[in-house]
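Remember, predicted model here, so these are calculated numbers, not experimental data.
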Amino acid sequence: MQLETERLCLRELTPDDFPALYAVLADSDIMQHYPYTFDEARVRNWIARNMERYRVFGFGLWAVVLKETDEMIGDCGLTMQNINGSIKPEIGYHINKKHQRNGYAKEAARKCRDWAFQNTPFNIVYSYMKKANIASAATAMANGMRRVEEFTDAENEATMVYAITRDEWAQLKKRGSQKER
């Protein structure tokens with residue numbers, strides 16, 4: 001499967017993506033809000049786990065690739081996550097530091113949000129992040145999500161949960177089409 005935006009291609013991860021994904025997940029600055037940075041084994045497991053998700057669910061985290069250069073700059077997609085004790089569909093994203101602040105996470109997450117509502121029965125999708133992760137919260141809000149919950153996670157840190165319902169998404173899409181006229 002492949003999804004496209006104006007500047008990006010989202011495709012299934014493969015073992016060949018290891019070097020580019022390792023550059024993202026092993027970077028302590030990028031992963032500062034995650035419980036740990038990844039070593040080589042964890043990155044290989046991450047790829048394998050997402051390949052299994054594609055097989056089981058038909059979705060997972062996809063490689064984010066710049067159309068212009070064919071460079072893989074991170075991952076973004078839909079996974080089932082334990083969010084404060086409940087398994088929920090979550091849009092997550094990690095973008096290489098040298099490509100951050102260019103709107104790529106927002107563009108990729110928006111495409112994943114649209115894909116989720118067009119291709120799954122989910123009536124709500126979520127994104128969650130540490131309260132200190134202001135950039136991820138801004139990405140969630142830029143995609144029409146609103147804060148719905150705050151809880152203390154397993155690391156004893158405040159975690160924010162954002163969500164958008166299918167109806168809210170439909171209203172966004174409707175407003176977007178009206179603006180294009």
Checking W46 against L61 for the side-chain contact (heavy atoms from CB on, under 4.5 Å) test, could you report, in this order, the C-alpha distance in whole Å, the side-chain angles of both residues, the deciding distance, and whether it holds? CA-CA 9 Å; W46 187 267; L61 290 169; 3.2 Å; yes
side-chain contact (heavy atoms from CB on, under 4.5 Å) for R110 and T5? Distances and angles first, verdict last. CA-CA 9 Å; R110 183 169 291 165; T5 69; over 6 Å; no
Could you go through L66 and R7, starting from their C-alpha distance and side-chain angles, then the distance that decides it, and tell me whether this counts as side-chain contact (heavy atoms from CB on, under 4.5 Å)? CA-CA 6 Å; L66 294 176; R7 303 178 297 166; 5.6 Å; no
I would like to know whether S127 and T139 meet side-chain contact (heavy atoms from CB on, under 4.5 Å); could you show each step before the answer? CA-CA 9 Å; S127 284; T139 297; over 6 Å; no
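Counting heavy atoms from C-beta on, the side chains of L21 and I47 come closer than 4.5 Å.
L10 and F57 end up in the same hydrophobic cluster when Ile, Leu, Val, Met, Phe, Trp and Tyr side chains are linked at under 4.5 Å.
Using a distance-only test at 3.5 Å, with no hydrogens or angles considered, no donor-acceptor pair links the side chain of E168 to the main chain of M145. Counting only distance, with no hydrogens or angles, the side chain of D114 and the backbone of K111 share no donor-acceptor pair below 3.5 Å. Under the 3.5 Å distance criterion, the side-chain polar atoms of T79 are left unmatched by any main-chain donor or acceptor of Q81. A donor-acceptor contact shorter than 3.5 Å is absent between the side chain of N50 and the backbone of G60.
Here the closest non-hydrogen pair linking I164 and N143 is CD1-O, 3.8 Å. Of all non-hydrogen atoms in D17 and L13, the two that sit nearest each other are OD2-CA, 3.4 Å. Taking each heavy atom of K67 and L8 in turn, the nearest pair found is CE-O, 3.4 Å. The shortest non-hydrogen separation linking Y93 to S136 is OH-O, 2.9 Å. Between P121 and R166, the shortest heavy-atom contact is C-NH2, 3.6 Å.
Between K131 and the options E157, E150, E155, a salt bridge (charged side-chain N to carboxylate O under 4.0 Å, His left out) holds for only E150. Checking each of E149, M129, E90, R146 against Y162 for a side-chain contact (heavy atoms from CB on, under 4.5 Å) leaves exactly one that passes, namely M129.
Applying the ring-ring contact (aromatic ring centres under 6.0 Å, His included) test to pairs two or more places apart or on separate chains, those with a residue in residues 97-121 are W62-W115, F117-W169.
Residues meeting the ring-ring contact (aromatic ring centres under 6.0 Å, His included) test with Y22, sequence neighbours left out: F18.
The pair E52-R49 does not count as a salt bridge, with every side-chain nitrogen at least 4.0 angstrom from each carboxylate oxygen.
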